[in-house]
Amino acid sequence: DNSYYKIEVEITYQNEEPSNQTFIINASNAENAKKNIIEYITLNNANKNDTASFDTVIVSAKTIPCNDIIDTDFSREYIIE
């Protein structure tokens, strides 16, 4: 059974200061959410031809109540207008 998590992770690239990012993600637990976040960052970096290695640490993780999700395409229509 999955829950929605608000997860703050510290991301550290080699020779750079760490930075924090916050994600909302649907996962079975915080560790699986972290794995998905790492995959997301890796894919996003690869799309930018960035192959630098990085480490992630969960700073905070908490479940959040969520009843409905507004579709991305629906949201885009209102951003454009």
Side-chain angles (χ1 to χ4, degrees):
D1 192 30
N2 286 356
S3 297
Y4 284 91
Y5 287 85
K6 178 180 180 183
I7 301 206
E8 181 181 2
V9 293
E10 180 183 84
I11 304 166
T12 308
Y13 289 91
Q14 290 181 350
N15 304 319
E16 292 186 22
E17 290 294 315
S19 64
N20 289 15
Q21 283 187 268
T22 302
F23 297 87
I24 303 294
I25 187 166
N26 187 326
S28 58
N29 58 52
E31 284 302 316
N32 284 341
K34 179 183 172 186
K35 289 176 190 175
N36 291 339
I37 290 168
I38 291 169
E39 288 178 29
Y40 170 80
I41 294 168
T42 301
L43 180 61
N44 203 28
N45 288 350
N47 288 337
K48 298 182 220 173
N49 294 319
D50 181 358
T51 58
S53 64
F54 61 91
D55 291 315
T56 59
V57 175
I58 294 176
V59 176
S60 67
K62 64 180 180 178
T63 57
I64 56 173
C66 183
N67 297 321
D68 293 303
I69 301 294
I70 297 173
D71 185 74
T72 305
D73 292 332
F74 179 84
S75 298
R76 280 193 190 111
E77 289 295 318
Y78 290 96
I79 292 172
I80 294 170
E81 293 180 1

What residues form a side-chain contact (heavy atoms from CB on, under 4.5 Å) with Ser60, not counting sequence neighbours? Glu8
One should read off an interatomic distance between Thr56 OG1 and Asn20 CG, to the nearest 0.5 angstrom, of 11.5 Å
Is there a side-chain contact between Ile41 and Ile11, using heavy atoms and a 4.5 Å cut-off? yes
Pairs involving residues 44-75, ordered by first then second residue, that meet ring-ring contact (aromatic ring centres under 6.0 Å, His included) (sequence neighbours left out): Tyr13-Phe54, Phe74-Tyr78
Inter-residue atom distance Ile38.CD1 - Leu43.CG, 0.5 Å rounding: 13.5 Å
Applying side-chain hydrogen bond (donor to acceptor under 3.5 Å, both in side chains), can you list everything that pairs with Glu16, at least two apart in sequence or on another chain? none
Taking everything shown except Ile70 itself, do over 12 heavy atoms lie less than 6.0 Å from its CD1? no
Residues sharing Val59's hydrophobic cluster, by side-chain heavy-atom contacts under 4.5 Å among ILVMFWY, directly or via others? none
Taken in chain and number order and not counting sequence neighbours, the residues that satisfy side-chain contact (heavy atoms from CB on, under 4.5 Å) with Asn44 are Tyr40, Lys48
How would you list, by chain and number, every residue that makes a side-chain contact (heavy atoms from CB on, under 4.5 Å) with Asp73, sequence neighbours excluded? Asp71, Arg76
Write out all pairs satisfying side chain to side chain donor-acceptor pair (under 3.5 Å) with one or both partners inside residues 23-35, taking only residues at least two apart or from two chains. Asn2-Asn26, Tyr4-Asn26, Ser28-Asn32
Only pairs under 3.5 Å count here: list side-chain donor-acceptor contacts from residues 61-68, not counting sequence neighbours, and write none if there are none.
none

Give me the other members of the hydrophobic cluster that Val57 sits in, counting Ile, Leu, Val, Met, Phe, Trp and Tyr linked by side-chain heavy atoms under 4.5 Å, directly or via other members. none
Which residues share a side-chain hydrogen bond (donor to acceptor under 3.5 Å, both in side chains) with Ser53, sequence neighbours left out: Gln14
